[in-house]
Amino acid sequence: MKRALVIGAGGQVGTELVAALRGLYGQENVLATDLRRQAAAGLGGPCAPLDCTDGEAVLAAMRRFRPDTVFHLAALLSVTGEARPQLAYRVNLGGLVNVLEAARTEGPAIFFASTIASFGPSIPLDLVPQDAAQRPTTMYGITKAAGEMICDYYHLRFGVDTRGLRFPGLISHMAEPGGGTTDYAVEAIRGAVAHGAYTCPLRADTQLDMMYMPDAIRAAVELMQADPSRLTHRNAFNVTAMQFTPRSLAKEITRHLPHFRMDYRVDPLRQSIADSWPRRIDDSVAREEWGWTEKYDLAAMTADMIASLRRPKSASAAFPTSV
Ligand code: SER
């Protein structure tokens with residue numbers, strides 16, 4: 001990888017991925033694009049507005065910038081996807097097909113961000129293996145499960161170098177997440193630092209897979225750097241770093257902020273989405289095929305999040321979120 005195009009760069013993942021890629025490959029070799037011009041421009045360096053649902057615009061961006069790798073991150077998450085399922089379909093699946101079609105002629109490798117939401121409630125949800133039946137029940141999950149298959153199709157049929165990760169809930173302090181079910185974890189830590197309290201929309205015992213953003217960024221970069229001859233799987237790899245419930249997260253936060261209080265007002269939509277997702281996925285295939293290993297567990301993530309959020313604003317700038 002020498003030259004990367006990031007689509008959906010102003011979102012929770014893109015904001016930190018662009019910074020990491022620019023550190024590795026140089027500012028001029030990473031083009032940040034987002035539906036909202038300001039979100040991409042706020043990252044500094046080369047940027048452009050880009051709507052992934054516009055196939056011609058996606059092709060033109062690849063022709064102009066000539067990336068060898070494209071990180072396609074633009075998507076509606078689970079809660080927003082249920083509010084606007086038709087839009088989620090157009091952005092998440094239509095946008096992906098536009099990216100793959102452009103890659104077919106222009107040749108870059110494609111990173112696809114999939115999710116634990118690509119699984120559904122019809123399988124045992126503890127230690128879900130890499131190759132499990134995917135019958136998701138949210139529009140977000142449906143578009144991501146189908147997206148994985150389309151990525152594999154473009155690899156098999158047209159030779160496009162597609163690779164993807166099934167991200168768990170991602171926790172970060174730079175750009176706020178938007179519209180996800182796992183966002184509660186970020187909101188809880190932010191609430192704890194800001195005013196010592198948080199009202200959680202999920203039941204106290206709802207266990208989900210999670211990961212701290214530095215691990216997620218490293219996973220995406222390492223996957224795209226991996227020797228393709230070692231990859232039996234491609235779209236998409238289970239990866240996880242920790243599992244916790246709102247109750248165990250609250251307990252960890254109180255080790256740093258003893259007066260923190262979490263109370264609960266369960267949102268039926270979020271709860272039903274969370275109940276349909278794995279309690280834990282098995283990521284041993286990613287460990288075997290390209291050496292995935294996490295650095296942050298619940299304790300390390302919570303300590304780093306709280307320390308980062310306590311730093312003055314200029315040191316941990318807040319960026320707007322993407323679609
Ligand atoms: N973070 C996503 C969501 O909650 C899951 O991949 O929608």
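Both counts, for ligands and for their atoms, begin at 1 and track the order of listing.
Comment: Asp283 does not engage Arg166 in a salt bridge, judged by the lack of any side-chain N to carboxylate O separation of less than 4.0 angstrom. The pair Arg279-Asp126 meets the salt-bridge criterion, with a side-chain N (NZ, NE, NH1 or NH2) lying under 4.0 Å from an Asp/Glu carboxylate O.
Formation of a donor-acceptor pair under 3.5 Å by the His155 side chain with backbone atoms of Asp161 is not found in this model.
Residue-ligand proximity, Tyr140 to ligand 1, at heavy-atom distances under 4.0 Å covers atoms 2 (C), 5 (C), 6 (O), 7 (O). The Leu77 neighbourhood of ligand 1 comprises atoms 7 (O), with distances under 4.0 Å to a heavy atom of that residue. For ligand 1, the atoms sitting less than 4.0 Å from at least one non-hydrogen atom of Trp277 are 3 (C), 4 (O), 5 (C), 7 (O), numbered in the order shown with element in parentheses.
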Intermediate values then yes/no, side chain to side chain donor-acceptor pair (under 3.5 Å), Gln130 and His233: CA-CA 9 Å; Gln130 174 67 37; His233 295 81; 4.9 Å; no

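Ring geometry for Tyr296 versus Tyr212: interplanar angle over 60°, hence perpendicular rather than tilted (30 to 60°).
Of the protein's heavy atoms, Thr182 OG1, 2.8 Å lies nearest to atom 1 (N) of ligand 1. Among all non-hydrogen protein atoms, the one lying nearest atom 7 (O) of ligand 1 is Ser78 OG, 2.6 Å. Summary of contacts: the protein heavy atom closest to atom 5 (C) of ligand 1 is Thr115 OG1, 3.5 Å.
At least one N or O atom of Thr181, backbone or side chain, sits closer than 3.5 Å to an N or O atom of ligand 1.
For Tyr184, no heavy-atom contact with ligand 1 is shorter than 4.0 Å.
The cationic group of Arg3 lies under 6.0 Å from the six-membered ring centre of Phe65 and within 45° of the ring axis, placing it in a cation-pi geometry.
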